[in-house]
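This chain uses plain numbering: 1 for the first residue, then up along the sequence.
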Amino acid sequence: MTLCIGREAVRLWRKIATETCVEMQLFLENWKLLLAGLIFQYIHGVAAHGIHYLHRPRPILPDLGFSLLPELGPNKAYVSETFFSVIFFSFVLWTFYPFIYHSKRFYTVLLWRRVLAILVTCQALRIITFYSTHLPGPNYHCREGSKYATLTPERLLDLFLINVRGVLYGCGDLIFSSHMIFTLVFVLTYYKYGSKRFLKMLTWLMAVIQSLLIIASRKHYSVDVVVAWYTTSLVVYFMETKLTEMPDRTNGSQPLLPAVAKEKQDKSKEETHKLLNGNAVDVLDWKSISIRSGCKAGNEAVQWLG
């Protein structure tokens with residue numbers, strides 16, 4: 001029993017070590033784009049926090065969804081956030097499954113590069129939209145009499161700070177729903193790159209439930225959710241036609257260190273020629289070469305231990 005567990009542990013470590021080497025190479029090639037996507041998440045948060053200072057509580061607008069769906073109430077507002085957290089963290093964990101499972105369909109770094117590119121595009125459109133027209137927030141803390149309905153910055157630095165309370169008690173960033181942007185991007189991504197048909201149908205069901213919970217929690221108007229559905233879907237469709245298609249790993253014929261784009265292949269040939277002639281090579285390329293050597297030595301050691 002102990003021997004079997006040891007062998008499985010070695011095999012699992014071999015998968016993780018090999019995949020880490022591959023992903024590290026891709027990360028060195030794409031870290032600037034990934035960092036830009038993460039920085040824009042902060043910019044989006046600052047923009048959503050800034051519109052809160054401009055928000056003024058007014059009577060809630062007539063809404064068909066509010067008429068059809070009963071209110072969850074302020075004491076059950078956590079239901080919508082909890083459900084969204086399940087969707088969010090489930091997707092994040094799924095994107096790292098190539099590190100563990102033998103069958104793989106994508107590279108984690110390349111997948112997140114696409115996801116961040118789509119999120120940034122949707123969020124940029126969202127910022128333009130909710131700054132164009134200021135709507136009265138329908139949430140409970142955005143109504144008349146609430147201390148969170150209107151904020152006043154005490155100092156200039158407050159405009160650039162994001163706190164947990166600001167995220168949970170935001171007002172004014174309505175059209176269109178940020179929660180639905182993330183949900184639909186995750187669902188559409190899994191629908192394309194996932195492998196389980198049942199889970200694909202389940203994710204669509206979860207997206208519908210999330211839409212209803214957002215309206216029932218009075219976090220957004222129905223129009224915020226409806227606009228998010230077709231805007232995000234159209235952005236995903238547009239971005240998929242513009243971005244380079246990711247390498248398909250289902251047939252197992254992809255090389256250990258795949259090229260992200262076609263021009264990478266020609267560039268690598270030129271850099272190899274420079275290296276053989278003793279010319280200088282970029283620092284990132286030396287890192288790539290050292291990673292390949294380390295991965296090869298590590299794999300040989302793992303195979304010897306196995």
Where is the tightest heavy-atom contact between [X] and [Y], given as atom of each residue plus distance?
| X | Y | value |
| --- | --- | --- |
| Gln210 | Thr183 | CG-OG1, 3.9 Å |
| His141 | Cys171 | CD2-SG, 3.4 Å |
| Ala117 | Thr121 | O-OG1, 2.9 Å |
| Leu34 | Phe27 | CD1-CD1, 3.8 Å |
| Leu72 | Ser217 | CD1-OG, 3.3 Å |
| Pro136 | Leu61 | CG-CG, 4.1 Å |

With a 3.5 Å distance limit and no angle check, can you tell me whether [X] reaches the backbone of [Y] through a side-chain donor-acceptor pair?
| X | Y | result |
| --- | --- | --- |
| Thr241 | Phe238 | yes |
| Tyr107 | Glu19 | no |
| Ser211 | Ala207 | yes |
| Ser146 | Cys142 | no |
| Arg218 | Ala77 | no |
| Lys15 | Phe99 | no |
| Arg105 | Gly194 | yes |
| His55 | Gly137 | yes |
| Thr108 | Thr95 | yes |
| His220 | Leu174 | yes |

Considering residues at least two apart in sequence or located in another chain, which fulfil the side-chain hydrogen bond (donor to acceptor under 3.5 Å, both in side chains) criterion with [X]?
| X | result |
| --- | --- |
| Arg143 | none |
| Asp63 | Ser222 |
| Tyr140 | Glu71 |
| Glu23 | none |

*Rounded to the nearest 0.5 Å, what separation is found between the CZ atom of Phe91 and the OG1 atom of Thr203?*
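Rounded to the nearest 0.5 Å, the CZ-OG1 separation comes out at 10.5 Å.
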*What is the distance from atom OG of Ser80 to atom CG of Leu212, rounded to the nearest 0.5 Å?*
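Rounded to the nearest 0.5 Å, the OG-CG separation comes out at 10.5 Å.
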*In terms of the angle between their ring planes, are Tyr97 and Tyr101 parallel, tilted or perpendicular, with boundaries placed at 30° and 60°?*
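Rings of Tyr97 and Tyr101: tilted, as their planes differ by 30° to 60°.
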*Aromatic rings Trp229 and Trp204: how do their planes relate, parallel, tilted or perpendicular, breaks at 30° and 60°?*
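Answer is parallel, since the angle falls under 30°.
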*Flag the pair Phe84 / Phe89 as yes when their ring centroid distance falls below 6.0 Å, and as no otherwise.*
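Aromatic pair excluded; centres sit 6.0 Å or further apart.
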The criterion is ring pair (Phe, Tyr, Trp, His ring centres under 6.0 Å); which residues satisfy it with [X], sequence neighbours excluded?
| X | result |
| --- | --- |
| Tyr190 | Trp94 |
| Phe160 | none |
| Tyr53 | His49 |
| His134 | none |

*Is there a side-chain contact between Tyr237 and Leu188 (heavy atoms, below 4.5 Å)?*
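Result no, sub-4.5 Å side-chain heavy-atom pair not found.
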_ILVMFWY cluster, Val187 and Phe198 together (side-chain gap under 4.5 Å)_ =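 They do share one cluster, since a chain of ILVMFWY contacts under 4.5 Å joins Val187 to Phe198.
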*asked:* Under 4.5 Å between side-chain heavy atoms, counting indirect links through other Ile/Leu/Val/Met/Phe/Trp/Tyr residues: same cluster for Phe106 and Leu33 or not?
replied: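 No, no single cluster joins them.
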*Can you name the residues that form a side chain to side chain contact (heavy atoms under 4.5 Å, CB included) with Ile181, not counting sequence neighbours?*
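For Ile181 the side chain to side chain contact (heavy atoms under 4.5 Å, CB included) partners, ignoring immediate neighbours, are Leu119, Cys122, Arg126, Phe176, Val185, Thr232.
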*Among all residues two or more places apart in sequence or in another chain, which pass the side chain to side chain contact (heavy atoms under 4.5 Å, CB included) test with Val223?*
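With sequence neighbours excluded, Val223 shows a side chain to side chain contact (heavy atoms under 4.5 Å, CB included) to Ile175, Tyr221, Val227, given in chain and number order.
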*Please walk me through it: do Arg58 and Glu144 pass salt bridge (Lys or Arg N to Asp or Glu O under 4.0 Å)?*
CA-CA 7 Å; Arg58 298 188 300 275; Glu144 190 72 40; over 6 Å; no
_Between Tyr193 and Arg114, do the side chains contain a donor N or O and an acceptor N or O under 3.5 Å apart?_
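Their side chains do contain a donor-acceptor pair, which is all the 3.5 Å distance test asks for.
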*Pairs satisfying salt bridge (charged side-chain N to carboxylate O under 4.0 Å, His left out), at least one member in residues 219-235, at least two apart*: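 Counting only pairs at least two positions apart or across chains, the salt bridge (charged side-chain N to carboxylate O under 4.0 Å, His left out) contacts touching residues 219-235 are Glu81-Lys219.
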*Co-members of Leu68 in a cluster of I, L, V, M, F, W and Y side chains, linked at under 4.5 Å*: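 Traced through the cluster, Leu68 reaches Leu64.
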*Greater than 12 external heavy atoms within 6.0 Å of Tyr131's OH*: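 Count over threshold, so yes.
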